[in-house]
S.K.: 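I'd like to ask some things about the structure below.
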There are 2 protein chains.
Amino acid sequence: MIRVVLADDHDIVREGMISLLKNSDECLVVAQASDGAEALEKALEHKPDVLVVDISMPKMNGLEVVRRVNQQLPDCRILVLTMHEEKEYVIHMVKSGAAGYLVKDSASKELLEAVKRLATGKSYFGQYATEILAEQYRNPDDSFDDPYQNLTDREREVFHLVVQGATTKDIARCLGISAKTAENHRGKVIEKLDVKNTVELVRYAAKKGLL
Amino acid sequence: MIRVVLADDHDIVREGMISLLKNSDECLVVAQASDGAEALEKALEHKPDVLVVDISMPKMNGLEVVRRVNQQLPDCRILVLTMHEEKEYVIHMVKSGAAGYLVKDSASKELLEAVKRLATGKSYFGQYATEILAEQYRNPDDSFDDPYQNLTDREREVFHLVVQGATTKDIARCLGISAKTAENHRGKVIEKLDVKNTVELVRYAAKKGLL
DNA sequence: AATGGGATAAGGGCATACCCCTAGTAGACA
DNA sequence: TGTCTACTAGGGGTATGCCCTTATCCCATT
């Protein structure tokens with residue numbers, strides 16, 4: 001039996017996934033999550049064979065969830081199910097450890113098959129994602145080495161707070177550190193992501209879909 | 001029997017809606033559409049009691065679909081089911097003839113009830129949309145329109161420069177005005193768009209797709 | 001044990017952003 | 001004519017952003 005955890009902030013989408021997966025007696029949905037933080041929590045709690053996760057979610061974005069789950073549960077296979085078709089998403093997700101990528105507008109035909117393949121240790125990428133990855137393979141020069149990956153955990157925390165609209169004081173209060181330190185972390189993020197200032201940082205996040 | 005047409009570009013969402021509606025023997029899904037043009041076409045063809053429609057769809061957006069269906073099929077009740085929480089969408093949809101509005105993150109509990117209520121000639125607005133409408137009723141002065149439309153030409157110029165990453169000095173140089181004046185314009189923009197600071201201004205632009 | 005590097009934390013100093021205010025000019029409108 | 005709005009410019013104060021340096025801790029290498 002393939003044990004699955006579902007994460008999507010729209011419960012109608014989760015409903016659709018459940019409906020599709022229960023057509024098979026090989027899958028069992030053991031938990032659901034409606035935001036990124038909950039997704040990580042439920043994944044760690046249930047240690048599923050497959051985690052199906054959206055990209056844009058409240059509290060913690062899908063990229064971060066994929067990164068952390070991949071780190072802490074290396075045996076958990078991750079399937080990204082999203083409406084985002086930009087190739088950056090595909091590349092970033094695969095680099096962060098996703099084993100599958102489906103877009104929502106054609107997922108119903110492929111979801112069950114994708115989950116099954118992931119459970120057997122294989123990968124599954126929809127037609128769209130496959131083309132992206134093939135092109136990337138042909139032109140490895142198109143550098144997609146994501147500077148976001150080079151951020152430390154602390155910097156990543158600060159990054160997400162900043163792009164969510166938090167001021168230095170907010171960050172300091174939230175993380176229990178001084179405003180000065182929070183400022184410094186932001187400065188390091190700005191340096192590592194090669195942007196001029198906080199405004200450009202938010203622009204960066206918007207382009208990467210991390211808003 | 002309530003005859004329903006579903007329109008959403010994500011087939012996993014349609015799958016979810018079907019799953020929820022078939023729990024009741026009062027509903028029958030007579031057609032589905034994966035874009036706006038098809039939604040209009042299927043609605044005119046099947047003349048359903050209720051049309052469930054998303055806002056963001058290819059070919060024709062949901063607003064246009066609502067307007068046309070309401071015009072050509074005044075007896076067809078329209079339920080908007082969307083991920084968009086901005087109040088402009090709610091107001092515009094209701095003005096265009098929608099009889100219900102649900103957000104996707106809490107739709108599964110309410111969808112069936114909403115469809116049933118619409119079929120009996122009543123309306124159904126989720127908690128979120130209800131609050132928007134109530135607030136709008138209390139303050140009819142709040143312009144329904146996007147506050148972006150209320151910016152002056154100059155303010156709009158400044159707005160675009162800001163969200164493109166320009167600093168006050170950049171703006172002053174670019175527009176041939178003093179830095180102080182540029183600052184004043186930015187301040188007015190921040191005030192009119194009801195955001196806290198420049199970072200939130202960029203977030204606003206990103207949400208509206210103005211990046 | 002000693003060394004060096006990275007992560008984290010914090011403070012000083014200066015630039016910029018933000019917010020309060022006044023005020024002049026020009027064009028639109030009744 | 002008076003009034004309204006948009007655009008312009010500035011004064012002045014506080015808050016925040018941004019850069020630089022320092023200090024501590026941990027970890028891995030020598």
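Quick note on labels: first sequence line is chain A, next is B, and so on, each numbered from 1. For clarity, every value in this text was computed on a predicted model and none was experimentally measured.
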S.K.: Just by distance, no angles: are the side chains of B:Thr181 and B:Asn184 close enough, under 3.5 Å, to form a donor-acceptor pair?
M.R.: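 No - no donor-acceptor pair under 3.5 Å links their side chains.
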S.K.: State whether A:Ser178 places a side-chain N or O below 4.0 Å from either non-bridging phosphate oxygen (OP1 or OP2) of C:dA10.
M.R.: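 So the side-chain polar atoms of A:Ser178 do come within 4.0 Å of the phosphate oxygens OP1 or OP2 of C:dA10, strictly under.
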S.K.: So, are A:Glu113 and A:Lys116 salt-bridged, with charged N and O less than 4.0 Å apart?
M.R.: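 No, A:Glu113 and A:Lys116 are not salt-bridged.
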S.K.: Is there a donor-acceptor contact under 3.5 Å from the side chain of B:Arg77 to the main chain of B:Lys122?
M.R.: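 Judged by distance alone, yes, a pair lies under 3.5 Å.
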S.K.: Taking only side-chain nitrogens and oxygens of B:Arg154, does any of them come within less than 4.0 Å of OP1 or OP2 of D:dT8?
M.R.: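 Answer yes for this pair, as a side-chain N or O of B:Arg154 is under 4.0 Å from OP1 or OP2.
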S.K.: Nearest whole angstrom, please: distance from the P of D:dA6 to the NZ of B:Lys188.
M.R.: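 The answer, rounded to whole Å, is 7 Å.
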S.K.: Please test A:Tyr124 against A:Glu110 for side-chain hydrogen bond (donor to acceptor under 3.5 Å, both in side chains), starting from the C-alpha separation and ending with a verdict.
M.R.: CA-CA 9 Å; A:Tyr124 189 100; A:Glu110 305 182 278; 2.9 Å; yes
S.K.: Report the distance from atom CD of B:Glu200 to atom P of D:dT16, rounded to the nearest whole Å.
M.R.: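 In whole Å, D:dT16 P lies 14 Å from B:Glu200 CD.
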S.K.: Would the distance check show the side chain of B:Thr130 and the main-chain N or O of B:Phe125 forming a donor-acceptor pair, the cut-off being under 3.5 Å?
M.R.: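 Judged by distance alone, yes, a pair lies under 3.5 Å.
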S.K.: Please tell me if A:Thr181 has a side-chain N or O lying less than 4.0 Å from either OP1 or OP2 of C:dA10.
M.R.: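 So the side-chain polar atoms of A:Thr181 do come within 4.0 Å of the phosphate oxygens OP1 or OP2 of C:dA10, strictly under.
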S.K.: Between the main-chain N or O of B:Gly97 and the side-chain N or O of B:Arg67, is there a donor-acceptor pair closer than 3.5 Å?
M.R.: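 No, the answer is negative, given that no donor and acceptor are paired below the 3.5 Å cut-off.
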S.K.: Rounded to whole angstrom units, what separation is found between the CD atom of B:Glu157 and the P atom of D:dA6?
M.R.: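 Computing the B:Glu157:CD to D:dA6:P distance gives 15 Å.
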S.K.: Is any side-chain nitrogen or oxygen of A:Thr152 closer than 4.0 Å to OP1 or OP2 of C:dT8?
M.R.: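 Yes, such a contact exists.
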S.K.: Using modelled atom types only, decide if a donor and an acceptor are shared between the side chain of A:Lys47 and the backbone of A:Leu44 within a distance under 3.5 Å.
M.R.: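 Side chain of A:Lys47 to backbone of A:Leu44, a donor-acceptor pair under 3.5 Å: yes, one is there.
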S.K.: Taking atom C1' of D:dT8 as reference, at what distance in whole Å does atom CG of B:Leu175 sit?
M.R.: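 Between C1' of D:dT8 and CG of B:Leu175: 12 Å.
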S.K.: Please write out each protein N/O paired with an N/O of nucleotides 27-29 of chain D under 3.5 Å, distance rounded to 0.1 Å.
M.R.:
none

S.K.: Reading nucleotides 15-21 of chain C 5' to 3', which nucleotides get B (base under 4.0 Å from a protein heavy atom), which S (sugar-phosphate only), which -?
M.R.: -SSBB--
S.K.: Counting only N and O atoms by type, is there a donor-acceptor contact under 3.5 Å from the side chain of A:Lys192 to the main-chain atoms of A:Asn150?
M.R.: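 Checking the backbone N and O of A:Asn150 against the side chain of A:Lys192, a donor-acceptor pair under 3.5 Å is found.
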S.K.: Suppose the criterion is side-chain hydrogen bond (donor to acceptor under 3.5 Å, both in side chains): which pairs have a residue in residues 2-12 of chain A, not counting sequence neighbours?
M.R.: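 Passing the test, one end in residues 2-12 of chain A: A:Asp8-A:Lys104, A:Asp11-B:Ser108.
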S.K.: Please report the distance, rounded to the nearest Å, between CD1 in A:Ile171 and C1' in D:dC18.
M.R.: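 Roughly 13 Å, once rounded to whole Å.
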S.K.: May I ask you to evaluate whether A:His185 reaches the phosphate of C:dA10, defined as a side-chain N or O under 4.0 Å from OP1 or OP2?
M.R.: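 No, A:His185 has no side-chain N/O under 4.0 Å of OP1/OP2 on C:dA10.
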